[in-house]
Protein chains: 2
Amino acid sequence: MSTREGLLFVARSKEFDDLTAVTAARDVFWERGYASTSLSQLQSATGLSKSSLYETYGSKRGLFARAASNYLDTVVGPRLAPVEAAGAGPAELAGYFTGLAEFFDRAPSQIARRGCLLLNTAMDLNDLDEEAATLVRNYRARVQAAFLGVCRGRVPDAEAEILTAAQIGLMVTSRLDPALACSLARSLAARVSAWPADEAPPAS
Amino acid sequence: MSTREGLLFVARSKEFDDLTAVTAARDVFWERGYASTSLSQLQSATGLSKSSLYETYGSKRGLFARAASNYLDTVVGPRLAPVEAAGAGPAELAGYFTGLAEFFDRAPSQIARRGCLLLNTAMDLNDLDEEAATLVRNYRARVQAAFLGVCRGRVPDAEAEILTAAQIGLMVTSRLDPALACSLARSLAARVSAWPADEAPPAS
DNA sequence: GACATTCCGAACCGATCGGTCCAGAGTATC
DNA sequence: GATACTCTGGACCGATCGGTTCGGAATGTC
């Protein structure tokens, strides 16, 4: 708003929801990757005109930044939260993999095949910038840190490194064959569940 | 060649080496992915003109098929051969990962960051065809089969499934950070080496 | 009505895309 | 020289790319 001659004028309010638009764009990037996503596809998904997209997000790259941030907040965060919580144990980690298994099992093929937006970005790093590269590296580090928190005191630290790699492989596999990914996720959950108890074992 | 009036004429011989050109193209696809590789980049890499490329390989897609086949023959095959051999054991599997670790350690960054041509293709499946998709799935299945041959009789079969995922994650990680991939590969080798002996344990 | 802002359609930019074609130079054997 | 084939540079195709600009309609408050 602006003032002039003591009068207060209020501008026309926004007609589209920013979160809705970013989410729609996120899904296109997620499914097709950054480089293979065209502006016209983003227009179709968001329902916004090219002018509005440019005016609001500055560029394709700017919209991608918003999409990636949204992905971290609404997809990665909630799924990883129980594992990142203080005191998380094998049960929480197994639940993480079981949750993914159920997702691959139940979600429609088109959704299950999207893999991970940030890992998919690893293939587009040639077309993006160093900022995008560190974004992906930080994501990987965050996953490994969460896994490591559960491993400490129970299994060697290298287990977290390997589990992180397996998780990355899991998301890539889901792009190839969601059913295979489902099976794999269950195997990972089973493996974590088989870890020895860390404290006083239950008297049986 | 053709005959006419009883005379035999022999055509001009090829001036470029097919294997060299395919290898050069393969490296570009490997580094940049299918969709992000342009014809002009393929021209620069192969040293061939657009006309010759079209005449020889039919299309960008046709050249990619040759590149992928070459990749399987000259990259995947040799590295996986010892693991696929009859009677291969943990030592061969550990050697596989150690070989990758040394590669990530010694190869120039630009080379080490290429990851796996076929796994990278998983991101381009939207732009390719079902034939390409089965190519990647078959590669994954081949790796898992090789790993499974070593697991049998020593560790549960699910270990091969998880190791395959870890191997996929390893190749993705190498695109992000070769040093991390090197460390990961060594951890995988160590893990496999720690498997219990399958037959009469050595008397100590 | 005046004013401020939002939004879109459309035109436009320069560039690149994969693909097609052809004239002509080069290279080989007879 | 005649013949047959290889190979290239360049022109061309229609299409699409990300990005930019602008006029004007729509929507709001005063």
Side-chain angles (χ1 to χ4, degrees), chain A residues 1-22 24-25 28-29 32-67 121 124 126-129 131-132, chain B residues 1-22 24-25 28-29 32-67 121 124 126-129 131-132:
Chain A
M1 44 188 160
S2 65
T3 62
R4 177 180 164 189
E5 309 267 338
L7 291 179
L8 178 71
F9 297 100
V10 177
R12 174 184 176 183
S13 59
K14 268 194 186 299
E15 287 182 353
F16 71 89
D17 181 40
D18 180 81
L19 178 61
T20 303
V22 168
V28 184
F29 283 129
R32 303 197 39 87
Y34 177 79
S36 289
T37 295
S38 70
L39 270 188
S40 65
Q41 289 168 334
L42 293 171
Q43 290 181 62
S44 302
T46 61
L48 296 181
S49 69
K50 214 161 142 182
S51 325
S52 296
L53 283 178
Y54 178 80
E55 199 173 22
T56 309
Y57 305 105
S59 65
K60 181 187 176 185
R61 178 66 181 85
L63 181 50
F64 176 78
R66 292 287 313 275
T121 303
D124 286 308
N126 286 320
D127 306 286
L128 282 160
D129 42 37
E131 192 179 332
Chain B
M1 40 189 163
S2 66
T3 61
R4 179 179 162 191
E5 310 265 338
L7 292 178
L8 178 72
F9 297 99
V10 176
R12 172 183 177 184
S13 60
K14 271 193 186 300
E15 286 182 353
F16 70 88
D17 180 39
D18 180 81
L19 178 61
T20 304
V22 168
V28 184
F29 283 129
R32 303 196 40 87
Y34 177 79
S36 288
T37 296
S38 70
L39 271 188
S40 66
Q41 288 168 332
L42 293 171
Q43 289 181 62
S44 302
T46 61
L48 295 182
S49 69
K50 212 161 149 184
S51 326
S52 296
L53 283 178
Y54 179 79
E55 198 175 19
T56 309
Y57 305 105
S59 65
K60 181 187 178 187
R61 177 67 181 83
L63 181 51
F64 176 78
R66 292 289 313 276
T121 304
D124 287 308
N126 286 321
D127 306 287
L128 281 160
D129 43 37
E131 194 179 332

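A note on names: the letters A, B, ... follow the listed sequences, proteins ahead of strands, and every chain is numbered from 1.
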Quiz item: Taking C-beta and beyond as the side chain, do Asp18(B) and Tyr57(B) meet within less than 4.5 Å on heavy atoms?
Solution: yes
Exercise. In whole angstrom, give the distance that lies between atom CG of Leu53(B) and atom P of dT8(D).
Key: 8 Å
Quiz prompt | Nucleotide dC8(C), atom C1' - distance to CD of Gln43(A) in whole Å | solution = 10 Å
Quiz item: With respect to the phosphate group of dC8(C), does any side-chain polar atom (N or O) of Ser52(A) fall under 4.0 Å of OP1 or OP2?
Solution: yes
Quiz item: If you check the Tyr54(A) side chain, which of dT20(D), dT20(C), dG9(C) turns out closest?
Solution: dT20(D)
Exercise. Give the rounded distance in Å between these two atoms: OH of Tyr57(A) and P of dC8(C).
Key: 11 Å
Exercise. Let me know the distance between CD of Glu55(A) and C1' of dC22(D), rounded to the nearest Å.
Key: 12 Å
Practice problem: Grab the two heavy atoms, one from Ala21(B) and one from Thr46(B), that are nearest each other, plus how far apart they are. | Solution: O-CG2, 3.4 Å
Practice problem: Apply side-chain contact (heavy atoms from CB on, under 4.5 Å) to Ser38(B) and list each qualifying residue two or more places apart in sequence or on a separate chain. | Solution: Ser40(B), Gln41(B)
Taking only nitrogen or oxygen atoms into account, show me every contact under 3.5 Å that the protein makes with nucleotides 12-18 of chain D, one pair per line with its distance.
unit_1, atom_1, unit_2, atom_2, d
dC17(D), OP1, Ser38(A), OG, 3.1
dG18(D), OP1, Thr37(A), O, 2.9
dG18(D), OP1, Lys60(A), NZ, 3.0
dG18(D), OP2, Leu39(A), N, 2.7

Practice problem: Determine the minimum heavy-atom distance between Asp127(A) and Ala35(A), stating which atoms define it. | Solution: OD2-CB, 3.7 Å
Exercise. Just call it for Gly62(B): base, sugar-phosphate, or nothing, with non-hydrogen atoms closer than 4.0 Å on any strand.
Key: nothing
Exercise. Kindly say whether Gly62(A) contributes a backbone atom to a donor-acceptor pair with the side chain of Ser59(A) at under 3.5 angstrom?
Key: yes
Quiz item: Within 45° of the axis and under 6.0 Å from the centre of the six-membered ring of Tyr34(B), does NZ or CZ of Lys60(B) qualify?
Solution: yes
